[in-house]
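Values below: all heavy atoms of this structure, side chains included; hydrogens, waters and symmetry mates excluded. Note that the numbering runs from 1 along the sequence shown for the chain.
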Amino acid sequence: RAPLARNGRVARAAADSAQAQFANASGVTLPKTTAAALAAYRAAQAQYDALAAGPRPNQIRQLESNERASQGALVQARHQFDETIVRAPASGVVSAMDLHPGDLVGAGSSVATIEESGNPYVRIYVPQPELKDFAVGTKVAVHSDALPGVTFDGVVENVDARAQFTPQNVQTEDGRAGLTFGVKIRIADKDHRLQDGTTAGVSLL
């Protein structure tokens, strides 16, 4: 009986030792790399759970509001950018520049003088009784004093809304006096034969 008692004490002591080792192991601090990996896993799991659950209604509304605000800012920025670009109303050659670097340009202000090329125009003054014959779109014949015998096709492009007295520097067959309307006639000159500043006569077709 003595040996049995001794073996029982040994087994009991081994069990107590194993229990103590388990308690010590449960309190061991994980290495830094292992702890970081565990934290990353838990964060990824939380992100996955959030994506699987889908966005909340308040989050959707916030995102939609942010999108509308971004679109509004884009439109405003595009408008401001367009205002920095000066566009000529017609093609031609810049003959004079009225601005210098750093100047501020007001709305509707002119910044340069452009001599139109290809299709010049002539401005005539039509007496009131004849104004009905010069409606916009009316085709006319233009005779340049610089090119005798040459006729150009023209079309009435604009008629002044208000009457005025004929300018003193404009000669007409009936004299200078009289209440007239300014008429702008566009001339077809694809070969660039007409020169700026030359005089011309206009007749109805």
Mind checking whether V140 and V150 sit in one hydrophobic cluster, side chains of I, L, V, M, F, W, Y counted as touching below 4.5 Å? yes
What do you reckon, is CG of L104 surrounded by more than 12 foreign heavy atoms closer than 6.0 Å? no
Looking at every non-hydrogen atom in both residues, tell me the closest pair between A200 and D145 and how far apart they are. N-OD2, 4.0 Å
Please examine the side chains of T138 and L205, heavy atoms only from C-beta on, and report whether any two atoms are closer than 4.5 Å. no
Quick one: closest heavy-atom pair of I124 and F134, and the distance? CD1-CE2, 4.0 Å
Check whether more than 12 heavy atoms from other residues, nucleotides or ligands sit under 6.0 Å from atom NZ of K190, and answer yes or no. no
Return the minimal non-hydrogen interatomic distance between P120 and R186, and the atom names on each side. O-CD, 3.4 Å
Using side-chain heavy atoms (C-beta onward) and a distance below 4.5 Å, is I187 in contact with R193? no
Straight-line distance of D160 CG to L131 CG, nearest 0.5 Å: 9.5 Å
V183: which of V122, V126, V202, N158 passes side-chain contact (heavy atoms from CB on, under 4.5 Å): V126
Which is it for L147 and L194 under the side chain to side chain contact (heavy atoms under 4.5 Å, CB included) test, yes or no, and what are the steps along the way? CA-CA 8 Å; L147 299 171; L194 294 174; 4.2 Å; yes
To check you understand the geometry: which heavy-atom pair defines the closest contact between V94 and A112, and what is its length? CG1-CB, 4.1 Å
Over all atoms of both residues, closest heavy-atom pair of S144 and F152: CB-CE1, 4.3 Å
First locate atom CZ of R87, then atom CG of D82, and finally report the distance between them rounded to the nearest 0.5 Å. 5.5 Å
Are any side-chain N or O atoms of S65 and backbone N or O atoms of R61, one a donor and one an acceptor, separated by less than 3.5 Å? no
Does a side-chain heavy-atom distance below 4.5 Å link V75 with Q71? no
What are the two closest non-hydrogen atoms of T151 and A141, and how far apart are they? CG2-CB, 3.8 Å
Shared hydrophobic cluster, I185 / L204 (ILVMFWY, side-chain heavy atoms < 4.5 Å): yes
